[in-house]
Trainee: 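Okay, here's the structure, questions in a sec.
All values below were derived from every heavy atom in this structure, side-chain atoms included, with hydrogens, water molecules and symmetry-related copies excluded. Note that the structure is predicted; figures quoted are calculated from it, not measured.
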Amino acid sequence: MYKWTTIGAVAYCLIKGLMGKNLKWMETFTHELTHTVVSIMLFRKVHSFRANENCGEVSTSGGKATRVFVSLAPYCLPIYTYFFLFFRMLIVTEGRWIYDIIIGMTIAFHAFCFKSQTSQQQPDIHQFPLTFSYLYITAALLFNINTILVSYWSSKNIFTALWFTVTSIWEGITSFIQIIP
């Protein structure tokens, strides 16, 4: 079921090995793009966007309640993966293998970005207590991994996979609460 996705992930690893530092700008651009997309989704005003090989910056304004989602988004939201998963559901079964390869490449790309960008020196992570930031990122990554895996089931697409994941987590939480005295 995940054969073509695995091939895509391996292909990206080979590309990364050959191109190495040439992909650094793309990693920074994607990091800042994710801040921007999440800001727009949360109705924050985007004032500026800048990305170069070594650093980037996005300036937004909006409520404090949405700041955590915007600040930590690049570490836990594989934006290109979700983009291609959306289009994957629109493709007939015969052509999905191409999207699966691309999705595998985006998953590997996000993993490399995560590895290189997630550190205690990262200003986004330091906006909040480190324990909170890392717990949030871990929970979001587990959620995303589950959603991506479930979206490959023949009875699911990206939207039903999201719903399945949310309801499964909710059922687990309510079951856990019921066993607590």
Trainee: Tell me which pairs pass ring-ring contact (aromatic ring centres under 6.0 Å, His included) where either residue lies in residues 27-70, with sequence neighbours left out.
Mentor: Trp25-Phe29, Phe29-Phe49, His31-His35, His31-Tyr75
Trainee: Listed by chain and number, what are the side-chain contact (heavy atoms from CB on, under 4.5 Å) partners of Leu130, not counting sequence neighbours?
Mentor: Gln120, Ile125, His126, Tyr134
Trainee: Output all residues satisfying side-chain contact (heavy atoms from CB on, under 4.5 Å) with Ile79, sequence neighbours left out; order by chain, then residue number.
Mentor: Thr30, Thr34, Val37
Trainee: Kindly compute the distance separating CG (Leu141) from CZ (Phe114), expressed to the nearest 0.5 Å.
Mentor: 5.0 Å
Trainee: Any side-chain to backbone donor/acceptor pair from Arg88 onto Arg96? Under 3.5 Å, distance only.
Mentor: no
Trainee: Could I get the full list of side-chain contact (heavy atoms from CB on, under 4.5 Å) partners for Val166, not counting sequence neighbours?
Mentor: Phe143
Trainee: Enumerate the salt bridge (Lys or Arg N to Asp or Glu O under 4.0 Å) contacts for residues 25-44, please, sequence neighbours excluded, ordered by first and then second residue.
Mentor: Lys16-Glu27
Trainee: With rounding to the nearest 0.5 angstrom, report the CG to CG distance, Leu33 to Leu77.
Mentor: 10.0 Å
Trainee: Please report the interatomic distance OG1(Thr5) to CD1(Ile102), rounded to the nearest 0.5 Å.
Mentor: 11.0 Å
Trainee: Once the angle between the rings of Tyr12 and Phe112 is folded into 0 to 90°, is it parallel (under 30°), tilted (30 to 60°) or perpendicular (over 60°)?
Mentor: tilted
Trainee: Output all residues satisfying side-chain contact (heavy atoms from CB on, under 4.5 Å) with Ala9, sequence neighbours left out; order by chain, then residue number.
Mentor: Ala108
Trainee: How far does CZ of Phe109 sit from CE of Met105, to the nearest 0.5 angstrom?
Mentor: 10.5 Å
Trainee: For the side chain of Ser71 and the backbone of Val68, is there at least one donor-acceptor N/O pair under 3.5 Å apart?
Mentor: no
Trainee: I'd like to know if the side chain of Thr167 reaches the main chain of Phe164, judged simply by a donor and an acceptor atom lying under 3.5 Å from each other, with no hydrogens or angles considered.
Mentor: yes
Trainee: I'd like to know if the side chain of Asn144 and the backbone of Ala140 have a donor-acceptor N/O pair within less than 3.5 Å.
Mentor: yes
Trainee: In terms of ring plane angle, is the pair Trp97 and Trp4 parallel, tilted or perpendicular, where the classes change at 30° and 60°?
Mentor: tilted
Trainee: Whether the side chain of Ser175 engages the backbone of Gly172 through a donor-acceptor N/O pair (distance < 3.5 Å, no angle test) should be reported.
Mentor: no
Trainee: Does Tyr82 form a ring-ring contact (aromatic ring centres under 6.0 Å, His included) with Phe86? I'd like the steps, not just the answer.
Mentor: CA-CA 6 Å; Tyr82 276 110; Phe86 172 77; over 10 Å; no
Trainee: Donor-acceptor pair, Tyr2 side chain versus Leu149 backbone, under 3.5 Å?
Mentor: yes
